[in-house]
Amino acid sequence: MARIGVISISDGRDHVHARNAAFIQSKQDALVRSLCAAGHEVVAGRDLVATNAAASAVAREVAAAGVDVTIFYYAVWSFPHFTMLAADATTSPLILVASTDPTEPGLVGMLAAGGALDQIGRVHTRLWGAPDDASLAEAVGVRSRAAAAVASLRGSTFGRFGGRPMGMNTAVANTDQWMRQFGIDVEEIDQYELVLRAERADAGEAAKARRWIETHAAGVHYDGKKLTPELLERQIRSYLAIRDIIAERNLDFSGIKGQPELTEHFATMDVTEAFLNDPYDWNGPKDVHVTATEADMDGALTMQLFHRVSGDPVLFADVRHYHADRDIWDLCNSGQHATWYAARSDDPVENLAKVNFYPEVFFFPAGGASVQHIAAPGTMTLGRLTRQAGEYRLQLMLGEFENYDDATNDELIRQSTPEWPHAFARLDVDGPTFLSTFGANHIHAVPGDRRPEMRAVAELLGVRLDEWTRA
C-alpha cells in the first residue's frame with residue numbers, strides 16, 4: 001500500500017476559517033480513517049491551511065515524510081493561492097479531493113484550485129465524494145499505488161547479468177534514458193561472477209533445496225544426461241549466488257542473459273529465475289526479486305511496475321503461438337514462470353504439486369531443469385513497456401488465463417515445447433491487431449484488473465498508453 005499525505009485547504013479570512021475549522025477537521029478525520037481502513041499509511045498535515053505561511057510550511061513537512069502522493073482536501077471554499085503555494089512546496093503527485101457535502105462549497109474550492117494548477121501546468125488528479133465513501137478510497141488507492149510504484153523506481157538499481165542476448169534489440173535499453181526518465185541506475189555484472197559464486201555456494205544448502213523440490217514437486221524427471229541431481233544443485237547454487245550478489249550490490253530488480261554462454265557451458269537459469277520471482281523458497285516466505293530472463297531490461301521494468309502496484313509475482317513469457325481456432329495464445333518461455341503461477345497459492349506446497357522439473361531441450365546443451373506447469377486460470381492484466389522511435393509506450397490489455405481437461409492441455413502443449421511452462425491466454429485484443437503492433441517477443445502478466453493503476457503509471461511516467469480492447 002501507499003504512503004499518502006493529506007492537507008486540508010481552508011478559507012483565508014480569519015472569521016470564516018474559525019467558523020469552518022471544526023467542520024473541515026471532521027471531514028479530514030473521516031477521510032483519513034477511510035484511507036487507513038483501506039490499508040494505507042496516512043501523514044496528515046499538522047494544521048489546516050488558512051494562511052500563506054501555513055500552506056508552504058505544512059506542505060514541506062508532509063513532503064519531508066516521504067509520501068508517495070499528496071491529497072489537497074477541499075471541504076469548504078478555499079483560497080486557491082494556498083493550493084499554489086502548497087503545490088510548490090512538494091514534488092509528489094497531487095490529488096485534489098472535494099467533499100460533496102452540499103452545505104459547503106467544497107467542489108467550488110477544488111475547481112478553483114485545479115484551474116489555477118492547470119494554468120501553471122502542474123499535473124494533478126481530481127476526485128470527489130463523501131470522505132467515508134469506499135469508492136473514493138479505492139480511487140485514491142489506485143492513484144496512490146501507481147505513484148508509489150513510480151516513486152520506487154527513482155534511486156533504484158537494476159542488475160544486468162550479461163549483455164544483449166542473441167542479438168535481441170528489444171531486451172536492451174539506453175541506460176542514460178533510464179536514468180533521465182525513470183531515475184534507475186544499471187549495474188553491469190559479468191555472468192562469470194555468477195559462475196564463480198555458484199561454484200563456491202553452500203553445497204549443504206543446495207542439497208537441502210534439492211530434497212525439498214523432490215519432495216514437493218509433481219515430479220523431478222532425471223534422465224542421467226540433461227538433468228541429474230548434480231545439475232539441479234548447480235542451478236540451485238546459482239540461485240544462492242545471485243541472491244548474495246543482490247544483497248551485496250543492493251540490487252532492486254535484475255535480469256540474467258543466460259543464452260548462449262550459460263546455456264551452452266554451465267546450466268540454464270530457469271530454476272534460479274523462477275525462485276527469485278517466487279514469494280518463497282525452501283526456507284519459507286521471502287520477498288519477490290523481479291528477474292527477467294535474457295536480461296530483458298524493458299521486460300524487467302514492466303515486471304517491476306506490475307509487482308509494485310499489485311504486490312504479486314509477475315509472469316514473464318514469450319508470445320509463442322496463437323491458436324486461431326480457439327482464439328487462445330500460448331504464452332510459453334523456458335522456465336521463466338514463477339512456480340507461484342501454477343496455483344497462485346500462498347502455500348508453496350500447493351503450487352509445487354502442479355510443477356514438473358523436466359530435462360532441458362536441445363536449445364540448451366549445458367542442461368538443467370526446466371520449471372514446467374500450466375498457469376492457473378483467472379483474470380489477468382497483460383502488457384509491456386515497449387519503444388517506438390526511441391519513445392516509451394505502455395501496451396496494455398486485459399485477458400483471461402484458461403485451463404482445460406488433461407487431454408486438451410496435453411494436446412496444446414505438445415504443439416510447442418511441452419517441457420516448458422505454459423499460460424493459455426484469451427486476450428482482450430484480436431490476433432491480427434496484436435501481432436501487427438505489439439513491440440516485443442516477451443509479454444508480462446499479473447493477476448486481476450490492474451489497468452486503472454497502470455493507466456495512472458503511464459500518465460505519471462509521461463509515456464504513451466496504447467490500451468487494447470475488443471471492438
Side-chain angles (χ1 to χ4, degrees), residues 209-221 227 232 235-236 239 269-293 303 306-307 309-318 320 326 328-358 369-382 398-414 416-427 443-450:
R210 173 182 56 77
R211 290 191 294 269
W212 180 79
I213 292 170
E214 290 170 345
T215 298
H216 298 295
V220 180
H221 304 274
L227 180 57
L232 180 55
Q235 292 177 290
I236 294 164
Y239 167 81
M269 291 294 104
D270 297 19
V271 172
T272 298
E273 291 164 348
F275 282 114
L276 285 169
N277 283 298
D278 270 325
Y280 51 75
D281 63 14
W282 41 91
N283 290 317
K286 67 170 186 64
D287 291 336
V288 167
H289 183 86
V290 163
T291 308
T293 197
M303 293 170 72
F306 273 172
H307 173 58
V309 300
S310 70
D312 290 325
V314 183
L315 184 137
F316 177 117
D318 278 337
R320 176 62 182 268
R326 296 174 175 268
I328 289 293
W329 299 85
D330 184 357
L331 308 182
C332 171
N333 181 271
S334 173
Q336 175 62 26
H337 299 199
T339 68
W340 183 81
Y341 273 90
R344 297 206 304 275
S345 171
D346 292 335
D347 182 359
V349 172
E350 186 176 347
N351 297 323
L352 285 167
K354 298 177 180 293
V355 178
N356 282 282
F357 292 75
Y358 284 115
S370 63
V371 184
Q372 192 269 359
H373 59 80
I374 296 174
T379 298
M380 307 294 291
T381 301
L382 301 100
L398 199 65
E400 291 283 332
F401 281 2
E402 297 186 357
N403 216 321
Y404 313 107
D405 59 80
D406 290 346
T408 302
N409 285 338
D410 187 63
E411 175 194 349
L412 291 173
I413 67 173
R414 291 194 179 282
S416 59
T417 306
E419 295 87 352
W420 293 353
H422 299 261
F424 299 123
R426 190 178 301 277
L427 303 183
I443 194 168
H444 317 285
V446 71
D449 185 355
R450 295 293 179 177

Side-chain (D318) to main-chain (R320) donor-acceptor, under 3.5 angstrom: no

At what distance, to the nearest 0.5 angstrom, does CZ of R344 lie from CG of L315? 10.0 Å

Spatial distance of atom NE2 (H444) from atom CE (M303) [nearest 0.5 Å]: 7.0 Å

Parallel, tilted or perpendicular: which fits the ring planes of H221 and Y358, with parallel below 30° and perpendicular above 60°? parallel

Checking side-chain polar atoms at under 3.5 Å, does D270 have a donor or acceptor matched by the opposite partner on S370? no

Would you mind reporting whether P447 and W340 have side-chain heavy atoms less than 4.5 Å apart? yes

Under 6.0 Å from the CG atom of D406, do we count more than 12 heavy atoms belonging to anything else shown? no

Within the side chain of R426, is there an N or O that forms a donor-acceptor pair under 3.5 Å with the backbone of R326? yes

Any donor-acceptor N/O pair, H422 side chain to T417 backbone, under 3.5 Å: yes

So N277 and V314, do their side chains get closer than 4.5 Å, heavy atoms only? no

Mind checking the CZ-NE2 spacing from F357 to H373? Nearest 0.5 Å is all I need. 9.0 Å

Could you tell me whether the side chain of F401 reaches within less than 4.5 Å of the side chain of L382, counting heavy atoms only? yes

Distance-minimising heavy-atom pair for A218 and K354: CB-C, 4.3 Å

If you draw a 6.0 Å radius around CG in N283, do more than 12 non-hydrogen atoms from other residues or ligands fall strictly inside? yes

Test side chain to side chain contact (heavy atoms under 4.5 Å, CB included) applied to I443 and W329, step by step: CA-CA 11 Å; I443 194 168; W329 299 85; over 6 Å; no

Between V220 and I213, what is the shortest heavy-atom contact and its length? CG2-CG2, 3.9 Å

Can you name the nearest heavy-atom pair linking V355 to N351, along with the distance? CG2-O, 3.3 Å

Is D346 atom CG crowded by more than 12 heavy atoms from other residues, nucleotides or ligands, each under 6.0 Å away? no

Are T339 and D278 close enough that a side-chain donor and a side-chain acceptor fall under 3.5 Å? yes

I need the minimum non-hydrogen distance between A445 and Y341, along with the two atoms involved. O-OH, 3.2 Å

Of all the heavy-atom pairs spanning I236 and A209, show the shortest one and how long it is. CG2-CB, 3.6 Å

Under 3.5 Å, side chain of H289 to main-chain N/O of D287, donor-acceptor pair present? no

So how far is it from H337 NE2 to L331 CG, rounded to the nearest 0.5 Å? 6.5 Å

Flag for T293-E273: side-chain donor and acceptor within less than 3.5 Å: yes

Classify the ring geometry between F424 and Y404 as parallel (under 30°), tilted (30 to 60°) or perpendicular (over 60°). tilted

Taking all non-hydrogen atoms of both residues into account, name the closest pair between A376 and A342 and its distance. CB-O, 3.6 Å

Going from CG on L412 to CD1 on I374, what distance comes out if it is rounded to the nearest 0.5 angstrom? 8.0 Å

Trace of the side chain to side chain contact (heavy atoms under 4.5 Å, CB included) decision for W212 with L352: CA-CA 10 Å; W212 180 79; L352 285 167; 3.2 Å; yes

Using 0.5 Å steps for rounding, measure from the OG1 atom of T291 to the CE atom of M269. 11.5 Å

